[in-house]
Novice: 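Have a look at the structure that comes next, please.
Computed from a predicted model, the values in this text were never measured in an experiment. The sequence lines fix the lettering, A, B, ..., with proteins before strands; numbering per chain opens at 1.
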There are 2 protein chains.
Amino acid sequence: MTQKAYVQSLPPVQWSEEPAPRTPRDVLASLGVVTSFDRNSEIFAEDAAAEHIFIVLTGAVRICKLLGDGRRQIETFCLAGDVFGWETAARHRFSAEAVSECKVVRVKRAILFARASDDPELAHALWALTAAELTRTQNHLLVLGRKTAQERVATFLLDMAQRSTTGGTEVTLPMSRQDIADYLGLTIETVSRTLTHLEETAAIALPSSRRVLLKDSSALRGLNA
Amino acid sequence: MTQKAYVQSLPPVQWSEEPAPRTPRDVLASLGVVTSFDRNSEIFAEDAAAEHIFIVLTGAVRICKLLGDGRRQIETFCLAGDVFGWETAARHRFSAEAVSECKVVRVKRAILFARASDDPELAHALWALTAAELTRTQNHLLVLGRKTAQERVATFLLDMAQRSTTGGTEVTLPMSRQDIADYLGLTIETVSRTLTHLEETAAIALPSSRRVLLKDSSALRGLNA
DNA sequence: CGTCCAGTTGACAGTATTCAATAGCGGTGG
DNA sequence: CCACCGCTATTGAATACTGTCAACTGGACG
């Protein structure tokens, strides 16, 4: 939990070479400053005042809730391009921690609100952001409520593969087994065993613990529905 | 699943005698028509075109997702005053069914969008609605991911008690055990056993299967955190 | 080369599910 | 009014899946 964050001025934001597409994310990014976080450092705490919203540039972030006795539920993982910390209320309802070394853009919430009030397009974009998060959360609800361990892991791997920049059949997981377990509502041992089992059935290969090759995507998809 | 819905013209909407509070819900309600649905009838199907949004006037509605093999996850129950069917996308991502006989106000989505585009206040209210739904869903995620059967049922009972119009320690559940099970990610038997156990430990009383008395709220709250 | 930590594997336990039978409740009709 | 029917809920017994506890492995790093 060594929070060693430093701030630097924002270089011209350019994630693509195309002439000014100005997506909502670009707009957000142009309003903030870049901050770096070490692995496992806390970006903000549960119940902390929600003064900023964040966009991931590199690395991964986990969004979590804790129960009194230490049980943890990871609501989602945020990868490059994802927005987090965006709240209606004045306080964060969960904490955010760096899964890996990561760079994020930090934008003052007040500035955003001010702009949104006379920029309907931005306001709509912010609403769309909330709506997208809701959709994702609702899908995850089905996973946690009704899927088996195998199905959860398969769903997770397919999701990560789809989100990965390569988009292919190879995924490099930025997070630990414990993180995956807390995301899927399982234990670290069950995640490990399930991955081993998927490897034995030739659905995946595990060249290393963090690298996953989806050998038989259709088998995984069969576990998804 | 006998869908016997009839439409009637909207009487002046008045849920309170106070002089025009004009909450977002009132605004919505004033734009639509009242429709009634029989118990277990479908209000809209998963993947159906999302042409309307709805506000519950009386009764209860369940919002569900289905898995290929019939497993069901109820995302939420909507009671009087709740809004449902509000989507960004053109299609519903879940189905809605009447838990009990119920009356709802049906509002054309297109009308709402049109109004929202030149009424920033309405736009903000709609965003707040989505945000509130997100908060609720995220809390439920923690329940499904990390809580035991006892804790899930206790959380559910406290939530229903808080939402019930009386607000007291007595709840009349509009939904069946199967509905509760599908909401909490459990089986009907586990729900039943857990309720019996809570009754044995004097945390609740069950005068009838649908009526619950919270005898020892602090015990229930202890199971909540 | 040894330490440390993450991950894997094994044996066992426990919670929740499954399958099955029984009980209770509400409505209908004789 | 009561018997019967259908449906919902409860209870029981056995099973299965996942969790718990513990030992071990393997890779990274100094």
Side-chain angles (χ1 to χ4, degrees), chain A residues 1-2 38-40 60 62 67 69-73 99-101 143-154 156-157 172-201 204-212 223, chain B residues 1-2 38-40 62 67 69-73 99-101 143-157 172-201 204-212 223:
Chain A
M1 292 295 177
T2 60
D38 281 348
R39 199 164 85 88
N40 288 331
R62 59 176 174 254
L67 237 34
D69 59 359
R71 280 176 287 179
R72 186 176 71 157
Q73 178 62 46
V99 164
S100 57
E101 298 259 322
V143 172
L144 296 188
R146 285 299 177 214
K147 290 197 180 179
T148 65
Q150 265 211 353
E151 292 166 338
R152 293 182 203 203
V153 172
F156 171 71
L157 291 176
T172 299
L173 303 172
M175 72 290 287
S176 69
R177 295 289 188 268
Q178 185 64 64
D179 286 339
I180 299 173
D182 286 343
Y183 176 65
L184 297 178
L186 300 170
T187 60
I188 185 175
E189 293 94 335
T190 301
V191 171
S192 186
R193 271 187 258 268
T194 305
L195 285 170
T196 304
H197 181 246
L198 288 175
E199 192 179 23
E200 283 166 358
T201 58
I204 64 170
L206 286 164
S208 80
S209 70
R210 296 291 181 103
R211 284 189 50 217
V212 185
L223 288 170
Chain B
M1 293 296 176
T2 59
D38 280 348
R39 200 163 84 88
N40 288 332
R62 57 176 176 255
L67 237 35
D69 59 0
R71 281 177 286 179
R72 185 177 71 158
Q73 179 63 45
V99 164
S100 56
E101 298 261 320
V143 172
L144 295 189
R146 285 299 177 214
K147 290 195 180 179
T148 65
Q150 263 212 353
E151 293 166 338
R152 293 183 203 202
V153 172
T155 302
F156 171 71
L157 291 177
T172 300
L173 302 172
M175 72 290 285
S176 70
R177 294 290 188 267
Q178 185 64 62
D179 286 338
I180 299 172
D182 286 344
Y183 176 65
L184 296 177
L186 300 170
T187 59
I188 185 175
E189 293 94 334
T190 300
V191 171
S192 186
R193 271 187 258 269
T194 304
L195 285 170
T196 304
H197 180 247
L198 287 175
E199 193 179 21
E200 282 165 0
T201 58
I204 64 169
L206 286 164
S208 80
S209 70
R210 295 293 181 101
R211 283 189 53 216
V212 185
L223 288 170

Novice: Could you say whether B/R193 or B/Q178 is positioned toward the 5' end of DNA chain D, judged by the nucleotide with the nearest heavy atom to each?
Specialist: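 Taking each residue's closest nucleotide, the earlier one in sequence belongs to B/Q178.
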Novice: Of the listed nucleotides (C/dT18, C/dT8, D/dG19), which one gets closest to any side-chain atom of B/T187?
Specialist: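 Out of C/dT18, C/dT8, D/dG19, the nucleotide with an atom closest to B/T187's side chain is C/dT18.
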Novice: Provide, to the nearest angstrom, the distance between the CD1 atom belonging to B/I188 and the P atom belonging to D/dT11.
Specialist: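 So the two atoms are 13 Å apart, to the nearest Å.
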Novice: Between B/K147 and A/L67, is a side chain to side chain contact (heavy atoms under 4.5 Å, CB included) present by the stated rule, with each step listed?
Specialist: CA-CA 9 Å; B/K147 290 195 180 179; A/L67 237 34; 4.1 Å; yes
Novice: Specify the separation, in whole Å, of atom CG of B/D182 and atom P of D/dA9.
Specialist: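 Rounded to the whole Å, the gap is 12 Å.
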Novice: Heavy atoms under 4.0 Å, any strand shown: does B/L195 hit a base, just sugar-phosphate, or nothing?
Specialist: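 The answer is nothing, as B/L195 stays clear of every strand by at least 4.0 Å.
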Novice: I need the CG-P distance between B/L198 and D/dT10, as an integer number of Å.
Specialist: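 Atom-to-atom, B/L198 to D/dT10, this comes out as 12 Å.
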Novice: Quickly work out the B/R177 CZ to C/dG24 C1' distance and round it to whole Å.
Specialist: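 My rounded result for the distance is 12 Å.
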Novice: Select one nucleotide: of C/dT8, D/dA9, C/dA16, the one nearest the side-chain heavy atoms of B/S192.
Specialist: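 Shortest atom-to-atom distance from the side chain points to D/dA9.
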Novice: Starting from P on C/dG14, measure out to NE2 on B/H197 and report it in whole angstrom.
Specialist: 16 Å
Novice: Kindly indicate whether the side chain of A/F156, heavy atoms from C-beta on, has any atom under 4.5 Å from the side chain of A/L173.
Specialist: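 A/F156 reaches A/L173 side chain to side chain.
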Novice: Under the criterion side-chain hydrogen bond (donor to acceptor under 3.5 Å, both in side chains), which of B/Q150, B/R152, B/E151 is the partner of B/T148?
Specialist: B/E151
Novice: Do any side-chain nitrogens or oxygens of A/T190 fall under 4.0 Å of OP1 or OP2 in D/dG19?
Specialist: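 A/T190 to D/dG19 OP1/OP2: side-chain N or O found under 4.0 Å.
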Novice: At under 4.0 Å between heavy atoms, what does A/T196 touch on the DNA or RNA strands: base, sugar-phosphate, or nothing?
Specialist: sugar-phosphate
Novice: Both B/S176 and A/G185 contact DNA chain D. Which one's nearest nucleotide lies toward the 5' end?
Specialist: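 The residue whose closest nucleotide sits nearer the 5' end is B/S176.
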Novice: Please state how far atom CG in A/L223 lies from atom P in D/dC17, giving the value in whole angstrom units.
Specialist: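 The answer, rounded to whole Å, is 14 Å.
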Novice: May I have the distance from A/K147 (atom NZ) to C/dT17 (atom P), rounded to whole angstrom?
Specialist: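 These atoms are roughly 18 Å apart.
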Novice: On a plain distance test, is the side chain of B/E189 in donor-acceptor contact with the base of C/dC19 below 3.5 Å?
Specialist: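 Counting by modelled atom types and ignoring angles, a donor-acceptor contact under 3.5 Å is found here.
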Novice: Using modelled atom types and a 3.5 Å cut-off, is there a donor and acceptor pairing between side-chain atoms of B/R193 and backbone atoms of B/I188?
Specialist: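 No, the answer is negative, given that no donor and acceptor are paired below the 3.5 Å cut-off.
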Novice: Looking at B/R210, does any N or O in its side chain come under 4.0 Å of the phosphate oxygens OP1/OP2 on D/dA9?
Specialist: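 Yes.
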Novice: Can you check the A/L186 CG to C/dT15 P distance for me, whole Å?
Specialist: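 That distance rounds to 18 Å.
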Novice: Between A/L144 and A/Q73, is any pair of side-chain heavy atoms under 4.5 Å apart?
Specialist: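 Answer yes - side chains close enough.
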